[in-house]
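Reading through the structure tokens given below for one structure.
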12 protein chains.
Amino acid sequence: MSTPTGQPLARYAAARRVGDHLYLSGVIAVDPASGEVPQRYDALDPAAREALRGIGYDTGQLSVDVFEGPAVVQSWLVLARIRALVAEHGGEMANVCRLVQYFTDLRDYPAYNRVRNLFFPEPVVSTVVEVSGMMPGPAVRLEVEATVWLPPGR
Amino acid sequence: MSTPTGQPLARYAAARRVGDHLYLSGVIAVDPASGEVPQRYDALDPAAREALRGIGYDTGQLSVDVFEGPAVVQSWLVLARIRALVAEHGGEMANVCRLVQYFTDLRDYPAYNRVRNLFFPEPVVSTVVEVSGMMPGPAVRLEVEATVWLPPGR
Amino acid sequence: MSTPTGQPLARYAAARRVGDHLYLSGVIAVDPASGEVPQRYDALDPAAREALRGIGYDTGQLSVDVFEGPAVVQSWLVLARIRALVAEHGGEMANVCRLVQYFTDLRDYPAYNRVRNLFFPEPVVSTVVEVSGMMPGPAVRLEVEATVWLPPGR
Amino acid sequence: MSTPTGQPLARYAAARRVGDHLYLSGVIAVDPASGEVPQRYDALDPAAREALRGIGYDTGQLSVDVFEGPAVVQSWLVLARIRALVAEHGGEMANVCRLVQYFTDLRDYPAYNRVRNLFFPEPVVSTVVEVSGMMPGPAVRLEVEATVWLPPGR
Amino acid sequence: MSTPTGQPLARYAAARRVGDHLYLSGVIAVDPASGEVPQRYDALDPAAREALRGIGYDTGQLSVDVFEGPAVVQSWLVLARIRALVAEHGGEMANVCRLVQYFTDLRDYPAYNRVRNLFFPEPVVSTVVEVSGMMPGPAVRLEVEATVWLPPGR
Amino acid sequence: MSTPTGQPLARYAAARRVGDHLYLSGVIAVDPASGEVPQRYDALDPAAREALRGIGYDTGQLSVDVFEGPAVVQSWLVLARIRALVAEHGGEMANVCRLVQYFTDLRDYPAYNRVRNLFFPEPVVSTVVEVSGMMPGPAVRLEVEATVWLPPGR
Amino acid sequence: MSTPTGQPLARYAAARRVGDHLYLSGVIAVDPASGEVPQRYDALDPAAREALRGIGYDTGQLSVDVFEGPAVVQSWLVLARIRALVAEHGGEMANVCRLVQYFTDLRDYPAYNRVRNLFFPEPVVSTVVEVSGMMPGPAVRLEVEATVWLPPGR
Amino acid sequence: MSTPTGQPLARYAAARRVGDHLYLSGVIAVDPASGEVPQRYDALDPAAREALRGIGYDTGQLSVDVFEGPAVVQSWLVLARIRALVAEHGGEMANVCRLVQYFTDLRDYPAYNRVRNLFFPEPVVSTVVEVSGMMPGPAVRLEVEATVWLPPGR
Amino acid sequence: MSTPTGQPLARYAAARRVGDHLYLSGVIAVDPASGEVPQRYDALDPAAREALRGIGYDTGQLSVDVFEGPAVVQSWLVLARIRALVAEHGGEMANVCRLVQYFTDLRDYPAYNRVRNLFFPEPVVSTVVEVSGMMPGPAVRLEVEATVWLPPGR
Amino acid sequence: MSTPTGQPLARYAAARRVGDHLYLSGVIAVDPASGEVPQRYDALDPAAREALRGIGYDTGQLSVDVFEGPAVVQSWLVLARIRALVAEHGGEMANVCRLVQYFTDLRDYPAYNRVRNLFFPEPVVSTVVEVSGMMPGPAVRLEVEATVWLPPGR
Amino acid sequence: MSTPTGQPLARYAAARRVGDHLYLSGVIAVDPASGEVPQRYDALDPAAREALRGIGYDTGQLSVDVFEGPAVVQSWLVLARIRALVAEHGGEMANVCRLVQYFTDLRDYPAYNRVRNLFFPEPVVSTVVEVSGMMPGPAVRLEVEATVWLPPGR
Amino acid sequence: MSTPTGQPLARYAAARRVGDHLYLSGVIAVDPASGEVPQRYDALDPAAREALRGIGYDTGQLSVDVFEGPAVVQSWLVLARIRALVAEHGGEMANVCRLVQYFTDLRDYPAYNRVRNLFFPEPVVSTVVEVSGMMPGPAVRLEVEATVWLPPGR
């Protein structure tokens, strides 16, 4: 598992490049310092919030945001972390050749799907399943594992 | 997720070739037009049914088929779709170098296993887990994600 | 699924080398002859037990070992089997470029994590999820799927 | 309970005007002829679908619509039925002085809230609770009971 | 909550007339002295039982009455109490302009519906939902809240 | 839903006056800024706490207050908010002509009942049911919907 | 299991005459061609519906019929099938010397009991239990096994 | 279902003799007048209690009898009723050629087994299953259906 | 209950012949000495295993056999025991005039059905229900009660 | 377990004095003659009820008392029984040196705590846990085990 | 926890004598070598079995013993172990001044009670509660903690 | 219940000395001011953390500590509080003559056991059970009740 700030949750590597492949650990949205899993829009920076408002989220109405916020916020943080990891190795989102996406509740998929469209210029190879839990606990709504192709010259 | 007819369930790619690898999205047996997940043998073409009868399924007895049909039918459709996707890229089932297979009930494994033997000439590298759900809903019994090796010349 | 002794659970391949990659099937700790899933420390050889005692497990106190034993024992057997498979192809644990780790109860993670540190000299790319079941049944606590990079010369 | 087409589900009255008040029965989205409860966007007319697309629903992607469709479609049908009943008595949505809204799953509230904004020019007095069931069965996601003020001259 | 005998369950008012409206508390069938909730036909007077036999209930067969009795008996007592309260204020059942009906199990609706037809000469504005509990406990099958229109001259 | 501070949870109106009626939205005790639902006595002002101590609550003993606090505190906040809303329109609690009270656990009723006696000089028309949920989440213990009669001259 | 049309669900015999006894398989109401289990009154012929209306069922009101229909319709179909099987062997309902009746929910018994009175001129020896399931699936509400006495001359 | 006093629970026959067979309805221990299902030893006559004390039951200690009483008492009443019915037709317990015994909890079997030994001089043909319910409700612990052979001359 | 070896589980008779009928107790597959319920193919003799392999069972693959084995093995043992009991009284399987078959999970029916075809030359009168338990415990998957017709001369 | 009247529930001793200690069995509020567990205030004598009214219980309002009554009544009876047992041995409540208190629902603690204050002049050493059951059944809300110090001279 | 053979389950003391008291750890019936918890009568020596047969247990009928055996056997082993520990310190069962008895299912109490009568000449001070688990696992049915009074001279 | 800081949770005494015994209330790890139950290592002082690191806990890896932390931290706080209470009365841990230890999940026992070894120089008399809850709520993992022997001169 990798986290938004890059601080590890445990003794593991966030990514490893071998040959033309870059393998990433599954990424979840957890603050490794506090152990908190973000649930609200104020965990995001202004640019992220503006992007999300452009697709109808972050409404400012508590009764709406309380239901949609956790999945939307975590989707953004996870995908932004993947983008940063790929960029560290000289790649971009178009180099992602497969995503395996784990949810604790598939009803979160529509929100994730809209957020993912903001990150990927092209459709991406994708597997989606609902699992019974992820670390570090039940507040986590999704985990995304990316496989990246970084051909020579990258 | 990819589907038997190749029509996408969402904005994602059914497959992507990078270098010598062909990555496939997880495949499920859903009719993307109707959203229906096949449960009965009449969702298959005659050749498929004949093959399944050869291994003891599609008995024509309702009380038997109602229990076995959903897993057998979906197993066939999913594996046939993978075969078609691999063929589109010039490969064959022997090029599949790993399958990750998700079930919503592992009691469906024996049926899947017998069907898989019809598709693969040789034993295949395989991971099997039971998850709590798949898209688009609880009628789905299995999802299969294939990784394919297509060496140069293919 | 692959097993500690290498005897298959079903018709599948424990590993396959394609190009610079070695793909392994998900490994579980089951005795394929008896169908038993080890739960106690006496399923391990003395060297393994000594290593585990070095990190505080295998205490000899029933009320402690009965809770910790199943996860610790299976963690050791699964990782030892992966090490053996990699070695068969001329590699070592440092060649493992990704692990996908499935648990039936994430509370087993701390024990697994301590055992994994005994096998891997360096942090490894890692995905962890909790699923609802694995074959052949509920006594199985974890399954590990490894992807290995074996560059030319290996 | 009243229904979209106005055909009664049972022996009851859809609405009753007494003095300056118009009382409506709770409205659900059920087709009284077939007993079917709409779950998909094709149950709506083109104008409704266009309005819903304007707020991001009815995406045409099965994996998104299958989760959001039931609540969005039923929200539209229920509110359109209320609007029609009020209009039959010479009123408009601004005359609705209270809504009591029952859901079987409050996670449907964000979708309902966005649809309601399309029907009401001004904020409306509102009560929302989650109940354990509505007639005629579990496919029903929401029921709305309106109290209307129709002052003299209306 | 009001009760058949009019003795209060708690410190609340059974009804209140304001302007042309008569508001009634939700009525349940509980004996406030004993706290018992009637379940059998012998809780009713002979005229009530004769009326119920006319629509096929109160069969005298234990295996039938044990399932139907609680809902039928409580339906009668609740509606008779509402009729009495309305009459105390000079009205009749035709003055009831809305009923909100809460059930703990909607399978009781058919019985309630047949009983209600005995009390209301005309269809009535009606809302029905299933809730998870009512006071004073789980033996209660339904609660009915009536809103009444009593125009001047009544 | 309305809240103690009057800041809306969503796009809806806290109250609407039509003719001689004042309709209030269902009121819950949630802090719209933080989304927190008060559970402890320190969420109340000193006068409220003194009143509650007068009827035996707010004992200062953690093991007592932890069980009683949530229902007592929310009861006070909800009823105080209703009183404020009625006062804004020139009325007082005696003008409330019906309360519909939703609980997530009816065992909270005794506490609510004692608090309500502090707010209402006379018995009030009352409906009580237990529902399976309220917004914005499971910390909410009760919701109260008031209907008010404000005759001319008010 | 035998079915209304007499087409078998599996390889079994609907009935067998030995000596003076006629043994019948358990009968359920399933359409063996489609696998559908009838739930609505339109699955019956007009004479059956008229008979059922005579005892208060088949009301034409969706909210009533949706709850009562499945048990009433299946009761009719099952008993009519038994009558036909007995008649094929020269007997009539008075020859039935024992019924074992399985239900998935005993609350269906009152409806079944009223329908059975239409088929049997005299009280019949009867055993009733609630079981956890019947073939081919959960839509089945009851199964009836008849033992028949056909003395010589029949 | 037949009952200890012979008064029917519904419109059915307690027994029917055809040829050399006597078929009995399933017998349960319910008082058809009150609908009560006996749970305590004082529901039995002194001779029965003495017999039960002889095999260690009816201890007079509440904490023992409260657990064992319901099954023991009902076992006695059911078997005594069967004996009476058989006797009415000129037979005795040795004529019973098969018992089908339904329990709601198989842990009641040991008690039933000891009681049955008091009634049957010889081992009897026996089928035992645990079902999910019996009429008239959950207080019933067992139901016994007897088939009796009454050869000519009886 | 009767068992494969004929040793009784309790004080009851495995079979009783009265007139032309042979009544059998319900048969389950339990080893009365050890109390163990067979789950694996090695509980069968070689001839049985060969017969089962002929219909596709007993595959030798743990992951297949672990799911199918319990129901297949118990089906064989139960039916073989019935055949032996009938033979002891001079009959054969064609004399069985009714089977009542209890399962703890109806998903075992397909396997049972295929095994039964090996024992019965002709279709047999059959009742199938799913119950919640059988003796001596949850490892038991099915129980079969046979009624046999042994006309004079047998 | 000891009971309010001192009549034993089983063969055990209510108390035993050894040296300076008096050990009491766990006390529950059950009437050993009837096996009934008191739930209502009328099970108490007038002095007890007056004392309870002084701390706000025994309100006379059914909807309040039905929730609070069982725990309050049983608390009183249990503690009064302990006081009587201690007095029989010449002690008083100040001699109680430890209470272990078992509840079936910890939400009953506040009521118990208020009642206990009426019995103990000084704070008492106390352990509280929630268990899953007590004898003789689920109506029991609490059990209290007291250890008493009776120094010489008592 | 102490065990029948006296071998510890963990690092704790089976008993400690301080002054006139002997405190025992809670005793459970587990074989510390194998970790097995006895469930069958053959875990007992012949004298124990004879004593149990004298009170009606150890019947030799599998269907009876399978239900009663675990609680009876463990009751014997636990109490025998307590007797041995007390004897080691020079006492006898009459010195036990309190037993706290934990069960995982209170339905085991009658069996335990009968066994306890074999060990204690006089009624004993006793507390009984049902808890949700004991070490080392769910096969454990009871745990007994004894407090013993060993006055000077012992 | 006693707490780490000694501030009471309710009106009770943390300890009482009578004769040579010191009785302690059950101790839980709750901060009486905030009502918070510690879950993380930063709730401990540096010396405690160093001691725990010496036995392998407090790893600094979130994914490990999040599972182990709550039980380890609470074990330390509870035992430290007991040591302080005993010291206040002039004793030391060797004077503790019995511990009764309640857990909400017995899987926490291994961690507790390792921590306890840090506090007790010698094995201690010990009872362990799993209960369904403790005050003030579900975050509490364990409660420990100590009985202490303080002979004269202490």
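For clarity, every value in this text was computed on a predicted model and none was experimentally measured. Just so we're on the same page: letters track the sequence lines, and every chain starts at 1.
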Contact class of D:Val131 relative to chain F, heavy atoms under 4.5 angstrom:
both
Side chain, backbone, both or neither: which part of D:Phe103 has a non-hydrogen atom closer than 4.5 Å to chain F?
neither
Checking D:Val96 against chain F: side chain, backbone, both or neither under 4.5 Å from a heavy atom?
backbone
Between F:Arg83 and F:Glu92, is there a side-chain N and carboxylate O pair less than 4.0 Å apart?
no
When you compare the side chains of D:Gln101 and D:Ser126, does any donor N or O come within less than 3.5 Å of an acceptor on the partner?
yes
List in chain and number order the residues that pass side-chain contact (heavy atoms from CB on, under 4.5 Å) with D:Asp65, two or more places apart in sequence or in another chain; answer none if no residue qualifies.
D:Tyr41, D:Asp58, D:Thr59
Which residues share a side-chain contact (heavy atoms from CB on, under 4.5 Å) with D:Glu88, sequence neighbours left out
D:Arg81, D:Leu85
Highest number of heavy-atom pairs under 4.5 Å with chain F among D:Val100, D:Thr104, D:Asn113 belongs to D:Val100
Charged N-O contact under 4.0 Å between D:Asp42 and D:Arg40:
yes
Where on F:Tyr23 is there a heavy atom nearer than 4.5 Å to chain D: the side chain, the backbone, both, or neither?
both
Whatever's closer than 4.5 Å to a heavy atom in chain F on D:Asn117 counts as both
